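Here the structure comes first, spelled out in structure tokens, and everything after it is commentary.
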Amino acid sequence: MNSPTLPITSVAIVEDHEALGKGLRRLVEGAPGCTCAGLFSNGEEALKAIPTLQPDVVLMDINLPGMPGIELTARLKARLPGLHVIMVTVYRDHDRIFAALKAGACGYLLKRSTPAEVREAIHAVRAGGAPMSAEIARRVVEAFHQPSTPVTGLDDVKLSRRETEILEKIAQGLANKEIAERLGLSVETVRVHLKRIYEKLHVRSRTEAALKYRDTAGLPPSQPGL
């Protein structure tokens with residue numbers, strides 16, 4: 001009796017580092033049961049092509065030129081709800097991890113992951129899993145173990161118009177540089193506003209500030225308000 005043929009997994013790659021992008025493409029093309037749907041070096045290009053290609057999985061860099069990877073993930077998920085997005089990044093901080101997951105990513109790997117780990121992650125998301133590097137998983141657990149700050153409504157907090165704009169961008173998962181570019185500010189000015197926002201909201205991180213904004217604004221966790 002012939003064994004059933006496994007479905008081919010189509011994988012798109014969004015990575016602006018040329019050598020790393022080509023390396024990921026070779027990895028995908030050499031993985032049994034996988035095919036590379038395309039390699040894109042920026043978010044704008046990927047946003048145009050991926051909905052047409054409709055791959056099963058996207059290996060996504062966070063720090064892309066122009067449109068950041070977290071924003072691109074949210075926009076792609078809005079158009080392709082069944083798309084599996086795995087973040088492949090050097091960032092290990094809580095804020096970026098949670099922002100990526102809230103945007104719709106279902107996996108988070110460090111760029112120093114081995115080829116075997118990347119291949120296993122691709123197959124895991126297709127099987128309904130949520131693969132993460134061991135270090136990333138540990139940081140997620142640590143974040144949940146941190147004592148929480150009592151939540152109060154934003155109506156009781158007097159934020160300036162600019163502070164509110166920056167808080168909205170934080171909830172979208174944007175980095176300080178990206179917020180500065182969007183609002184026509186310097187990065188240092190954004191940092192000053194962030195410090196004031198933290199003080200007014202009685203929070204200690206971008207993640208806590210974003211969660212408080214999203215809870216009081218009534219935004220669902222899978223839609224970062226883009």
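Bear in mind the structure is a predicted one, so any value in this text is a computation, not a measurement.
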Taking all heavy atoms of [X] and all of [Y], pick out the closest pair and write down the distance.
X      : Y      : value
Ser160 : Lys200 : N-NZ, 4.2 Å
Pro115 : Leu27  : CA-CD1, 3.4 Å
Pro51  : Leu47  : CD-O, 3.0 Å
Val125 : His84  : O-CE1, 3.5 Å
Leu110 : Ser113 : O-OG, 2.6 Å
His17  : Glu15  : N-OE2, 2.9 Å

Can you tell me how far apart [atom1] ([X]) and [atom2] ([Y]) are? Round to the nearest 0.5 Å.
X      : Y      : atom1 : atom2 : answer
Glu117 : Leu109 : CD    : CG    : 7.5 Å
Gln54  : Arg79  : CD    : CZ    : 10.0 Å
Met87  : Ile70  : CE    : CD1   : 5.5 Å
Leu183 : His193 : CG    : NE2   : 9.0 Å
Ile62  : Tyr108 : CD1   : OH    : 3.5 Å
Lys111 : Leu24  : NZ    : CG    : 8.5 Å

Handout entry: Single-linkage hydrophobic cluster Leu83~Ile13, side-chain heavy atoms < 4.5 angstrom
Key = no
Using the rule that Ile, Leu, Val, Met, Phe, Trp and Tyr join whenever any side-chain heavy atoms are under 4.5 Å apart, tell me whether Ile86 and Ile97 fall into a single cluster.
no
Salt-bridge present ([X], [Y]; N to O < 4.0 Å):
X      : Y      : answer
Arg191 : Glu188 : yes
Glu168 : Arg182 : no
Arg196 : Glu199 : no

Could you tell me if the side chain of [Y] sits less than 4.5 Å from the side chain of [X], heavy atoms only?
X     : Y      : result
Leu53 : Ser10  : no
Leu20 : Asp61  : no
Val88 : Val118 : no

- Task: May I have the step-by-step check of side-chain contact (heavy atoms from CB on, under 4.5 Å) for Ile170 and Ile179, ending in yes or no?
- Result: CA-CA 8 Å; Ile170 292 174; Ile179 295 173; 4.1 Å; yes
Show, in sequence, the C-alpha distance, side-chain angles and deciding distance for Glu18 and Lys22, and conclude whether the salt bridge (charged side-chain N to carboxylate O under 4.0 Å, His left out) test is met. CA-CA 6 Å; Glu18 183 177 1; Lys22 290 182 177 179; 3.0 Å; yes
* Asked: For Leu76 and Met60, what are the C-alpha separation, side-chain angles and deciding distance, and is it a side-chain contact (heavy atoms from CB on, under 4.5 Å)?
  -> CA-CA 11 Å; Leu76 287 174; Met60 176 79 70; 4.0 Å; yes
Taken in chain and number order and not counting sequence neighbours, the residues that satisfy side-chain contact (heavy atoms from CB on, under 4.5 Å) with Glu44 are Asn42, Met67
Residues passing the side-chain contact (heavy atoms from CB on, under 4.5 Å) test with Val11, sequence neighbours excluded, are Thr9, Val28, Val57, Leu59, Ile122
| Is the backbone of Pro68 close enough, under 3.5 Å, to the side chain of Glu71 for a donor and an acceptor to pair up by distance? |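 Checked: no pair found.
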- Please test Glu181 against Lys177 for side-chain contact (heavy atoms from CB on, under 4.5 Å), starting from the C-alpha separation and ending with a verdict. CA-CA 6 Å; Glu181 292 173 351; Lys177 182 179 179 181; 3.5 Å; yes
query = Between Leu72 and Ile50, is a side-chain contact (heavy atoms from CB on, under 4.5 Å) present by the stated rule, with each step listed?
reply = CA-CA 11 Å; Leu72 173 59; Ile50 288 177; 5.7 Å; no
